[in-house]
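Model, not experiment: these values are computed from the prediction. For reference, positions follow the sequence shown, starting with 1. Computed over heavy atoms, backbone and side chain alike; hydrogens, waters and symmetry mates excluded. Atoms within a ligand are numbered from 1 in the order they appear, just like the ligands themselves.
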Amino acid sequence: MASVSAAQYGKDNIRVYKVHKEEKTGFQTVVEMTVCVLLKGDIETSYTKADNSVVVATDSMKNTVYIMAKLHPVTPPELFGAIVATHFVETYKHIHSAEVKVKVHRWTRLTVDGKPHPHSFFRDGSETRNVEATAIEGNGISIRSAIAGLLVLKSTGSAFHTFYRDEYTTLPDVYDRILSTEVDCGWKWSMFSNIKAVAAAVPKFDNAWEAARKITLDTFAKEVSPSVQNTLYKMCEQIMAAVPEIAAVDYSLPNKHYFEIDLSWHKGLKNTGKDAEVYAPQSDPNGLIQCTVSR
Ligand SMILES: O=c1[nH]c(=O)c2[nH]c(=O)[nH]c2[nH]1
């Protein structure tokens, strides 16, 4: 007899925008996010017996996210995610775990005539600040915070050589190459016992995000990279040292390759090695270097 061994369901891509209006100054602050809610619990019969009595409609989940955004702060996303996740496990007896993923899209305030504009913003790149908050009945709240979609490139200061060589190897040793990646960097917080504990940690969330971002960018720029693996590890070490409350750091870095182009077929043009100027950016395949560092 077959049985359900794992089941979860929910609403993905719930888009929410919230504005905060500062009455005195006329300044407004905006937050735009995309939320995903996934519930687990005593829901097998909805799959096996068409028993919808155990189904909290995904439409109701969407409504709940709107109501929670109205009634509670949406920043930092760690707190908002924890509030929404806790709501589901506390409200429904048969729901035992709720995973809430919050992706914050960055709106940066415009500077107009040299001054910060009170209500106009621009989107600078596709970087998002992501949080996954999971409330598990009787077990507390686990939170992973992350930087995602941060696209970086350095035009020199990176090498890759003395790697394993065998009959499958064609890549030459490279002592000066372009390095480009889209940073996905996450850090797992030690378990929180409840919402109060998450609320008490609020100032730490923004600080950790700022520290992780600065360490990532500074290390990427300053390090003469011998490999993505080593540069990534150096970032992890620094983040672990800078944020004592986190239990682990993880990176997932695609290696976005830029290939030299031999143009010597045209009038003997030199465009390789030290003469390389025009490159062909590759969309695929890409390297993918991942690592988790724990205490
Ligand atoms: O930094 C790198 N790490 C690798 O594992 C690898 N493999 C490869 O072909 N190029 C690179 N670059």
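Geometric assessment of Arg123 against the ring of Trp107 yields a positive cation-pi assignment under the 6.0 Å and 45° thresholds.
The local environment of NZ in Lys103 is sparse, with at most 12 non-hydrogen atoms from other residues, nucleotides or ligands closer than 6.0 Å. Dense packing is recorded around NZ of Lys154, with more than 12 heavy atoms of other residues, nucleotides or ligands lying under 6.0 Å away. Atom CZ of Phe121 has more than 12 neighbouring heavy atoms from other residues, nucleotides or ligands inside a 6.0 Å radius.
Between the side chain of Arg109 and the backbone N or O of His117 there is at least one donor-acceptor pair closer than 3.5 Å.
Shown in contact with Val228 at under 4.0 Å from a heavy atom are these atoms of ligand 1, numbered in order with element: 1 (O), 2 (C). Residue Asn255 has at least one heavy-atom neighbour below 4.0 Å for each of these atoms of ligand 1: 2 (C), 11 (C), 12 (N). Within ligand 1, counting atoms from 1 as listed, the ones closer than 4.0 Å to a heavy atom of Gln229 are 1 (O), 2 (C), 3 (N), 4 (C), 5 (O). The distance from ligand 1 to the heavy atoms of Leu171 drops below 4.0 Å at these ligand atoms: 8 (C), 9 (O). Here is the list of ligand 1 atoms found below 4.0 Å of a heavy atom in Ser227: 1 (O).
The residue His257 has no part lying near ligand 1, judged by heavy-atom distances below 4.0 Å.
At the top of the distance list for atom 12 (N) of ligand 1, counting protein heavy atoms only, stands Arg177 NH1, 3.0 Å. The shortest contact between atom 8 (C) of ligand 1 and any protein heavy atom is with Phe160 CE2, 3.6 Å.
Closest approach of Ala248 and Ser294 over heavy atoms only: CB-OG, 3.8 Å.
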